[in-house]
Amino acid sequence: MPELPEVETVLRTLEHQLNHPVIENVEVYWTRIIAYPDVDTFIKQIKGRKILAYERYGKFLIFDLDDMVWIVHLRMEGKFYVQRPSEAYDKHTHVIFTLDDGRQLRYHDTRKFGRMWLYPKTDEQRYPCFEKFGYDVFDERLTSDYLYHRLHHKKTALKAVLLDQSIMCGIGNIYADEICFAMKMHPETMINHLRKKDFEELIYQTRRIMNGAIRSGGTTIRSYTSSLGVDGRFQLKLKVHAKKGEKCSVCGTEIKKIQVAQRGTCYCPVCQKRK
DNA sequence: ATACTCCCCTGAGAGC
DNA sequence: TGCTCTCAGGGGAGTA
């Protein structure tokens, strides 16, 4: 599933592939994908607009259309393909954008969880779909002081905090497990047990892991063909997520799987201690 | 305010 | 082989 590094890779790949096309036509085959405005307005307003810039906020893709912004969240399985109109598409292709260079940008989503929004652009770049979202993981305003003041009194599990997009956004289930492992902390560690230096470590490890994943995701840009999105190449580097029953790469102990914050959670019972 | 639960969806995998 | 059942998961909505 696309988390921050995958979204970043998709965005860079799209920019590289598409450059700055004008969207000439749009066909929507599953209307719920369009979250705002209504489908007819979405189509009417996005037609004729040029993609000037590609940006990211958390797991959102942001396409700068000059006086408007087109925002996409891939959720679980959303993908973009750049294809010729003559190429076949399957039942999971829900939105097709025809570009002025003759190609099509096709939105594909097996589970139909992804969403798109189109808003008039504002200076502060805040939109209703971002309302409940906090700082992006790489936002410089996200500091250990900020996290400490916001969290040190709360009795919430560490992993629940990492997944809470209203505090910082971009982390999903995979990287939440990896960050807990890198911090050598049990995912159920109560956040109020963390000291200031632990929050520094949290931010450091989060950014280190995200940057590493972006770098290895970025390597797929050169080799990719028609399919955008990341093929799971850097799963090779995962230490605990989806590793239930395998041996910990550090100590050899069997990785365990539990539920934390209603999410499947893998961890090493020896390396990761409750604080 | 916080923490659950359900919902949206489909394919994969398990069990029979 | 083929059927049915269960589960995964980001995030919104509703509820205790």
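Everything quoted here is computed from the prediction, not taken from an experiment. Naming: A, B, ... by sequence-line order, numbering from 1 per chain.
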For this session: Report yes if the distance between the aromatic ring centroids of A:W117 and A:F42 is under 6.0 Å, otherwise no.
Result: no
Seminar exercise, completed: Contacts of A:K132 and A:F113 projected onto DNA chain C by closest heavy atom; the upstream (5') one is A:F113
Exercise. For A:D90 and B:dT10, what is the distance between atoms CG and P respectively, to the nearest whole Å?
Worked result: 12 Å
Problem set entry | Atom pair distance, as rounded to whole Å: CE in A:M76 and C1' in C:dG10 | 7 Å
Exercise. Does a side-chain N-to-carboxylate-O contact under 4.0 Å join A:D64 and A:K121?
Worked result: yes
Problem set entry | A:Q165 side-chain N/O to C:dG11 phosphate OP1/OP2 under 4.0 Å | yes
Seminar exercise, completed: To the nearest angstrom, the NZ-P distance between A:K59 and C:dG12 comes to 10 Å
For this session: Scan A:R32 against the nucleic acid and name what it touches under 4.0 Å (heavy atoms): base, sugar-phosphate only, or nothing.
Result: sugar-phosphate
Exercise. C:dA8 base to A:R111 side chain: any donor-acceptor pair below 3.5 Å?
Worked result: yes
For this session: Give the rounded distance in Å between these two atoms: CZ of A:R115 and C1' of C:dG9.
Result: 14 Å
Exercise. Which listed nucleotide (B:dA3, B:dT10, C:dA8) is nearest to the side chain of A:Q259?
Worked result: C:dA8
Exercise. Quick one: which of B:dC9, B:dT2, C:dG11 gets closest to the side chain of A:K154?
Worked result: B:dT2
Exercise. Distance check: side-chain N/O of A:H92 vs OP1/OP2 of B:dC9, anything under 4.0 Å?
Worked result: no
Problem set entry | Rounded distance (Å) that lies between atom P of C:dG11 and atom CD1 of A:I167 | 13 Å
Problem set entry | side-chain contact (heavy atoms from CB on, under 4.5 Å), paired with A:M185, selected from A:L202, A:I179, A:L194 | A:L194
For this session: Find out whether the Lys NZ or Arg CZ of A:K196 is both under 6.0 angstrom from the six-membered ring centre of A:Y148 and within 45° of the ring's axis.
Result: yes
Problem set entry | Rounded distance (Å) that lies between atom P of B:dC8 and atom NE2 of A:H94 | 16 Å
Exercise. Ignoring hydrogens and angles, does a donor from either the side chain of A:R263 or the base of C:dG10 sit under 3.5 Å from an acceptor on the other?
Worked result: yes
For this session: To the nearest Å, give me how far apart NZ (A:K112) and C1' (C:dG10) are.
Result: 18 Å
Exercise. Which one, B:dC9, C:dG10, B:dC4, comes nearest to the side chain of A:Q262?
Worked result: B:dC4
Exercise. Would one find more than 12 heavy atoms of other residues, nucleotides or ligands at under 6.0 Å from atom OH of A:Y29?
Worked result: yes
Exercise. Contact class for A:F60 (heavy atom, under 4.0 Å): base, sugar-phosphate, or nothing?
Worked result: nothing
For this session: Ignoring backbone atoms, test whether A:T110 places a side-chain nitrogen or oxygen under 4.0 Å from the OP1 or OP2 oxygen of B:dC9.
Result: no
Exercise. Tell me: CG of A:N173 to P of C:dC7, nearest whole Å?
Worked result: 17 Å
For this session: May I ask you to say what A:E77 touches in the nucleic acid, namely base, sugar-phosphate or nothing, with a heavy-atom cut-off under 4.0 Å?
Result: nothing
